[in-house]
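Values below: every heavy atom of this structure, side chains too, minus hydrogens, waters and symmetry copies. Predicted model only: the values in this text are computed from it and were never measured. For ligands, and for the atoms within them, numbers begin at 1 and follow the listed sequence.
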Amino acid sequence: MNPNGLVPCLEDDGLVLWESNTIVRYLARRYGQPPFTPEGIEVWAEAEKWMDWAAISFAEPFKQLFLNRVRRPPEERDDAAMEQGRQVCEKLMRIADDALRHRPFLAGDTLTVADLPLGCFAYAWLSMPIERPDLPHLAAWYQRLTERPAFQTAVMTPLT
Ligand SMILES: N[C@@H](CCC(=O)N[C@@H](CS)C(=O)NCC(=O)O)C(=O)O
């Protein structure tokens, strides 16, 4: 169903969607409720900023880190690409940590669609055996996510 041959891909009542953040936005608008789906143009923009940032800035260095630290067999790993990915992810996570200094969730006081893409990356980033800085605000935000049964079931699956 996805001409790119990638997951995720959603079919919902005849509608076929790919691109993970598009799927998140669709599910939120179709089935979600405030405050999970933010009310107001400004809050939506704030939420989408973090979603786009996760997909555009975070995904590629994370992929290099993940492939070369977890997914590939040791003999096929590229240590330099892994280290470069690790350093960029660290720099970006510091930005998220700073944003969470004065707010419990990325777009404000409540969990919204903003938190889902980075939340998925954060689970893997925090679970990998890598060097990481101490980021207390990010850690507190992540702790809040892990208290949610849906996050435990859908996101906290074994890394492979
Ligand atoms: N920009 C796409 C990226 C999709 C993507 O790269 N999917 C990966 C998994 S995260 C995939 O299907 N890789 C092939 C595989 O794992 O076999 C999205 O956000 O949906």
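For K91, the NZ atom is loosely surrounded, since the number of other residues' heavy atoms within 6.0 Å does not exceed 12.
For atom 16 (O) of ligand 1, the protein comes within 4.0 Å by at least one heavy atom.
Residues N21 and Y26 bring no donor and acceptor atom of their side chains to less than 3.5 Å of each other.
We find that R144 and E147 are not joined by a salt bridge, their nearest charged nitrogen and carboxylate oxygen being 4.0 Å or further apart. Ion pairing between E19 and R25 fails under the 4.0 Å rule for side-chain N and carboxylate O.
Not a single heavy atom of E60 sits under 4.0 Å from any atom of ligand 1. Residue contacts with ligand 1 include P8, since one of its heavy atoms falls under 4.0 Å from the ligand.
When hydrogens are left out, the protein atom nearest atom 20 (O) of ligand 1 is S20 N, 2.9 Å; that is the closest non-hydrogen contact. For atom 6 (O) of ligand 1, the nearest non-hydrogen atom of the protein is L6 CD1, 3.9 Å.
Although no hydrogens or angles enter the test, the distance criterion places a donor-acceptor pair under 3.5 Å between the side chain of Y123 and the main chain of T157.
Any N or O atom pair closer than 3.5 Å counts here, and E19 shares at least one such pair with ligand 1.
In the vicinity of V7, heavy-atom distances shorter than 4.0 Å reach the ligand 1 atoms 4 (C), 5 (C), 7 (N), 8 (C), 9 (C), 12 (O). Every atom of ligand 1 with a heavy atom of R71 under 4.0 Å away is listed here by number and element: 16 (O).
W50 and W53 have perpendicular rings, their planes meeting at more than 60° on a 0 to 90° scale where under 30° would count as parallel.
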